[in-house]
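Have a look at the structure below, then the notes.
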Number of protein chains: 2
Amino acid sequence: MPPEAAPTVSDLARPPRTGTRSDSRLPLVLDAAARFFAEKGFGYTSMRDIAGAAGMLPGSLYYYFASKEALLVAVYAEGVRRITDTVLPALGAAEVDPWTRLANVCAAHLAGLLEDGDYGQVVIRVRPEDAPAVAARLTALRDEYEAIFAQAIDALPLPPRTDRRALKLMLLGALNWSQTWYRPGKDSPSVLARRFVRLLRDPLGQ
Amino acid sequence: MPPEAAPTVSDLARPPRTGTRSDSRLPLVLDAAARFFAEKGFGYTSMRDIAGAAGMLPGSLYYYFASKEALLVAVYAEGVRRITDTVLPALGAAEVDPWTRLANVCAAHLAGLLEDGDYGQVVIRVRPEDAPAVAARLTALRDEYEAIFAQAIDALPLPPRTDRRALKLMLLGALNWSQTWYRPGKDSPSVLARRFVRLLRDPLGQ
DNA sequence: CATCATACCAAACAACTGTTTGTTTTTCTA
DNA sequence: TAGAAAAACAAACAGTTGTTTGGTATGATG
């Protein structure tokens with residue numbers, strides 16, 4: 001067996017990469033799927049919903065994706081990619097101090113999760129177990145991102161014996177759960193992020 | 001119209017309270033529903049799943065509940081009741097200092113959410129929007145509990161200008177999200193709770 | 001013992017689900 | 001401009017969904 005490259009989104013599309021036509025409605029399909037998955041969840045979205053929003057028939061989706069779950073992987077992967085692309089610049093800014101950099105990373109995370117469109121929301125909204133056949137791939141994609149996020153925490157100058165893993169779980173949980181209570185128009189993602197980080201940094205005990 | 005009492009769980013059951021027989025399988029139904037809702041989610045659970053686990057036929061469930069969503073409300077309300085019952089004692093312990101009391105409340109919250117059975121998990125797992133017809137009631141139930149939780153935070157001696165609402169959202173989010181990564185057998189709920197509260201109380205910045 | 005609400009069964013309903021199969025139209029390329 | 005590949009249609013499949021309807025044992029009650 002020849003060594004294979006890391007699997008990408010297009011591995012799940014059925015026809016090989018060669019020769020794509022310009023009028024393909026694949027982007028429409030992905031956008032529609034992302035919208036429905038983000039708003040209604042994976043299980044509550046039907047292939048007919050997606051096909052209808054993309055202006056085609058349900059069966060036609062199977063030209064691009066072997067199954068509904070394969071379509072989810074594609075959307076999910078794109079979501080991770082977008083959040084990563086939003087967060088990486090904030091993480092790379094080496095000149096700012098670690099705490100404000102963490103705040104910026106959190107702000108970017110929140111933005112990609114709450115405002116930057118549907119793809120990012122899917123990553124938080126959809127539970128891997130909801131698509132058993134591809135659950136492992138989804139989890140791997142999520143872990144891949146969380147490792148990036150963890151870098152912002154590892155860079156913090158913390159007192160010795162601080163549980164950095166717990167700190168990551170706590171912060172990431174607080175951020176992700178915001179999808180439950182966040183309402184657009186109120187506090188912006190960056191405001192929320194700064195507020196959360198400040199609660200961690202400043203001493204609340206006497 | 002005569003003034004009505006606040007709606008309770010049994011309002012959703014079809015027959016009036018008068019004359020209940022002792023061999024009713026209603027508890028079995030609720031337990032089975034809670035188990036499936038907690039493990040697979042609301043939308044991924046069928047009435048046949050629940051009926052089968054309770055040893056009856058799907059149609060028979062409609063003797064107790066007018067719809068699948070009404071059944072969810074019953075389970076959800078019971079879940080809120082159980083978590084509340086677990087948390088209230090920890091909240092009422094007036095002798096211990098506010099910070100350890102908060103830790104105890106969080107530990108109770110986590111226990112009711114991760115270990116104390118399925119009812120509690122349903123409250124966190126199921127999103128109100130998944131059952132549109134009863135979404136408002138579910139949200140109201142959840143808010144009712146969160147108000148209790150908030151008392152533990154209001155009692156904290158915090159520096160002036162501390163955003164207590166943000167603190168509540170952050171802590172509750174971190175706790176609730178633990179359903180995603182928690183694995184039984186590792187750190188216990190009370191250990192996790194103490195760890196999270198300590199991260200908030202102790203100064204992490206220099 | 002007669003009665004009656006309780007608690008369920010049995011069977012079906014229409015609507016919807018993901019998916020397949022064969023065919024047709026459209027676009028790019030040689 | 002002929003041919004091939006790409007992109008989609010059209011129609012159906014088998015299974016599952018929540019729910020309804022009419023009937024029937026069963027236990028409590030007078």
Side-chain angles (χ1 to χ4, degrees), chain A residues 10-33 36-37 40-75 126 129-135, chain B residues 10-33 36-37 40-75 126 129-135:
Chain A
S10 32
D11 288 343
L12 295 156
R14 292 181 122 168
R17 276 173 276 289
T18 69
T20 0
R21 235 154 70 184
S22 55
D23 64 335
S24 165
R25 272 178 268 182
L26 175 58
L28 282 179
V29 170
L30 288 170
D31 285 354
F36 280 106
F37 290 164
K40 310 204 308 172
F42 179 67
Y44 300 91
T45 300
S46 75
M47 295 298 262
R48 281 167 180 81
D49 288 337
I50 300 169
M56 36 198 286
L57 295 177
S60 305
L61 298 177
Y62 290 81
Y63 174 72
Y64 291 109
F65 300 98
S67 69
K68 189 188 176 188
E69 307 195 321
L71 170 53
L72 172 61
V73 175
V75 173
V126 176
E129 313 92 43
D130 290 347
V134 296
Chain B
S10 33
D11 289 344
L12 293 158
R14 293 183 122 167
R17 275 173 275 287
T18 69
T20 339
R21 236 156 67 185
S22 54
D23 64 333
S24 165
R25 272 177 270 180
L26 175 59
L28 283 178
V29 170
L30 288 170
D31 285 354
F36 280 107
F37 290 164
K40 310 204 308 172
F42 179 67
Y44 298 92
T45 300
S46 75
M47 294 299 262
R48 281 167 180 81
D49 289 336
I50 299 169
M56 33 198 288
L57 295 177
S60 305
L61 298 177
Y62 290 83
Y63 174 72
Y64 291 110
F65 301 99
S67 68
K68 189 188 176 187
E69 307 194 319
L71 170 54
L72 172 63
V73 174
V75 173
V126 176
E129 313 92 43
D130 291 347
V134 296

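Throughout, a chain's letter reflects where its sequence line sits, starting with A, and its residues are numbered from 1.
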(message) Contact list please: residues 40-54 of chain A against DNA chain D, heavy atoms, distance less than 4.0 Å, in numerical order.
(response) A/R48
(request) Looking at every strand, decide which applies to A/S60 at a 4.0 Å heavy-atom threshold: base, sugar-phosphate, or nothing. (result) base
(request) Output the distance between atom OH (B/Y64) and atom CE (B/M56), rounded to the nearest 0.5 Å. (result) 6.0 Å
(request) Hey, could you give me the CZ/CE distance between A/F36 and A/M47, rounded to the nearest 0.5 Å? (result) 12.5 Å
(message) Could you tell me if the side chain of B/E69 sits less than 4.5 Å from the side chain of B/P132, heavy atoms only?
(response) yes
(message) Between P on C/dA7 and CG on B/L26, what's the gap in Å once rounded to a whole number?
(response) 9 Å
(request) Mind calculating the distance between CZ (B/R25) and P (D/dT26) to the nearest angstrom? (result) 12 Å
(request) Specify the closest pair of heavy atoms between B/F65 and B/A74, including all atoms of both residues, with the distance to one decimal. (result) CE2-CB, 3.6 Å
(request) Take the protein atom CG of B/L61 and the nucleotide atom P of C/dA10, then report the distance between them rounded to whole Å. (result) 15 Å
(message) Quick check on D/dA7: is either OP1 or OP2 less than 4.0 Å from any side-chain nitrogen or oxygen of A/Y62?
(response) no
(message) Quick one, A/L71 and A/I50 - any side-chain contact, counting heavy atoms below 4.5 Å?
(response) yes
(message) Can you give me the closest heavy-atom contact between B/A131 and B/L72, atom names plus distance?
(response) CB-CD2, 3.7 Å
(request) Would you please enumerate the stems DNA chain D participates in, each stem being three or more consecutive Watson-Crick or G-U wobble pairs with both distances under 3.5 Å? (result) C:3-27 with D:4-28
(message) What is the distance, to the nearest angstrom, from the NZ atom on A/K68 to the P atom on C/dG18?
(response) 4 Å
Report all side-chain donor-acceptor pairs from residues 25-33 of chain A shorter than 3.5 Å, counting only partners two or more places apart or in another chain.
from  : atom 1 : to     : atom 2 : distance (Å)
A/R25 : NH1    : A/G55  : O      : 2.7
A/D31 : OD1    : A/Y119 : OH     : 2.5

(request) Whole angstrom is fine here: how far is it from CZ in A/F65 over to C1' in C/dT20? (result) 18 Å
(message) Just N and O in the side chain of A/Y63: are any of them under 4.0 Å from OP1 or OP2 of D/dA8?
(response) no
(request) Could you please name the option among C/dA10, C/dT19, D/dA10 that lies closest to any side-chain atom of B/L57? (result) C/dA10
(request) Look up atom CZ in B/F42 and atom CG in B/D130, then write down how far apart they are to the nearest 0.5 Å. (result) 8.0 Å
(message) What's the separation between atom OH in B/Y44 and atom OH in A/Y44, rounded to the nearest 0.5 Å?
(response) 7.0 Å
(request) Using atom CE of B/M56 as one end and atom C1' of D/dT24 as the other, report the distance to the nearest whole Å. (result) 15 Å
